Amino acid sequence: MLRFPRRHLVGSGASSFLQATASPRTDSCDIACRALTFKGYNCSQVRGQHFAPPTSFGHSPGSKCEPETVTPWCNHVVSGVDLLRNPKYNKGMAFTEEERAQLRLTGLLPPGIMTQSLQVERVMANLAAINNPLNKYSHLMALQERNSRLFYNVLHDNIEELMPIVGNPTVGKACKNYGLIFRRPRGLFLSMKDRGRVREVMNNWPSPSVQHIVVTDGENVLGQGDLGIQGMAIAVSNLALTVACAGLAPHECLPVCIDVGTDNEDLLKDKFYFGLRHRRIRGEAYDDFIEEFMEACKTRFGESCTVLYKDFKYENANNLLMQHRANHPVYNDDLQGTATVALAGLLAGLGSKNLANQTFLMVGAGEMGTTICDLLVYALTRYHQISIPEARSKIWLFDSKGLVVRDRMHDLQDHKMPFAQEAEPCTDLLQAINRLKPSVLIGTCTTAKTKAQTFTKEIMEAMTLHNAGKANPVVFALSGRNSVSEGVETQEITAQDAYNWTNGNVTFLGGAQEEG
């Protein structure tokens, strides 16, 4: 009689995603166990549960440890061709001779056995032969679709090399071409057609143990504009990197794309676009649909399931955070994530003890800019025990109409009002810099309406002049995106220009840029 090994759990990190989860006993359990016993399987140790074949997750190349055996639980036995076609359990050429005999794989694979680490090397050799980054992305996504264990091993062990492929900037191109490179659906697609039955649709997702959801409506994909349902690629990419870097289990992650239409004329005319072919639905209907989705997440997966908003329009992103943060564990990495990176850069460049000695000028006063300001105020009050009004007095905003001052309170948006200063209006950025003499200049010009190279040579020279004899000025250009709709580069300044125009006397941080 063939016996499967006892269940073991692998260690923490990316390899922990194969941790077994028991499924409830069904009415047909006894019958299934008898049938399996008749066919030579031992069910004595798993009475009351169905099971899948033993699988393993290989350790990193060079590891002294042998892969541990895992017996994931599911609703049926997976073997033979079905096992090779199941990306969750398929190990490719890594199945041992004993496993091939037990799982009816003999003859379905070449006779040679290739360890997991050797398969990783093979994948990387294939990627090295591919010159086009988008083709590399497609190759990796195809691997994820047929052997997720190997995919995460490859990504985890080569994260520095593959992050620009799975993430920015290549995933931006993947989103643009999603209709052409799409092969197999990954994640959950919800559309306005599902209004009133989102909870029912969510039941179709096979894993009940989801703990982390990345959701997008595709309206502002990587700053490239409205890509509609093709934004799903960014949600899949985000979770793949989260699994590889943060050690979350893949079966606990769910990418979701909410399709409410698109305002992108090219997509509406594209015969390969597979989203809803109408203009975006906004207003109350949109808010109600998002509310229904949030409640469905809570009832389906529990109150501890986190929801990350990804690449929503900034106005919507901020509103959604305000509406749902009291009742749901929500997060937006476009706003809060960027703010966290900005604060981390300031702490690394200036140190926490020097924050209160700085004058900050934020160029771009949208939701992203003011979110950075809010976090900066928190840091100032925490590290220097100063009041919130005093902390805000050190931060100046400059938007499309000039300095944000109290004389403009009648036409300011709500998120700008706390940072309106008592000063004379000023519509020229260079003049504002000469007047305020900031030591920190941060750009968050998120639209193509702001001309390219906002931080000109004259501005960089002024920053250097006003900080002469002090620490180097800090310049963050956080809008490194190309505008698809306008064809304009919106990054405030490149790293090369920043260093050239200041003779290297600058602490610089820039956003990711697309290639080509």
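Everything numeric here is computed off the predicted structure, so don't read it as measured data. One-based numbering along the sequence shown.
Ring planes of F182 and F274: tilted class, angle from 30 to 60°.
Between the side chains of D266 and Y273, not a single donor N or O lies within less than 3.5 Å of an accepting N or O. Looking at Q230 and K176, their side chains never bring a donor and an acceptor atom within 3.5 Å of each other. Counted by atom type alone, R104 and S79 present one or more donor-acceptor pairs between their side chains at under 3.5 Å. Between the side chains of H251 and S207, no donor-acceptor pair is found at a separation under 3.5 Å.
The pair D82-R85 does not meet the salt-bridge criterion, since no charged nitrogen lies less than 4.0 angstrom from a carboxylate oxygen. In summary, D226 and K313 do not engage in a salt bridge, as defined by a charged side-chain N under 4.0 Å from a carboxylate O.
Counting heavy atoms from C-beta on, the side chains of L276 and V260 never come closer than 4.5 Å. Contact check for L83 versus N90: no side-chain heavy atoms found under the 4.5 Å cut-off. Contact annotation: the side chain of I213 approaches that of F293 to within less than 4.5 Å [non-hydrogen atoms, C-beta and beyond].
Between atom CE of residue M294 and atom OG1 of residue T299 there is a gap of 11.0 Å, rounded to the nearest 0.5 Å.
If you run side chain to side chain donor-acceptor pair (under 3.5 Å) between T306 and each of Q211, H328, H212, only H212 comes through.
Between K136 and I130, the shortest heavy-atom contact is CE-O, 2.6 Å.
Centroid-to-centroid, the aromatic rings of Y309 and F312 come within less than 6.0 Å.
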### Query
For R199 and E295, what are the C-alpha separation, side-chain angles and deciding distance, and is it a salt bridge (charged side-chain N to carboxylate O under 4.0 Å, His left out)?
CA-CA 8 Å; R199 177 67 173 83; E295 290 300 321; over 6 Å; no
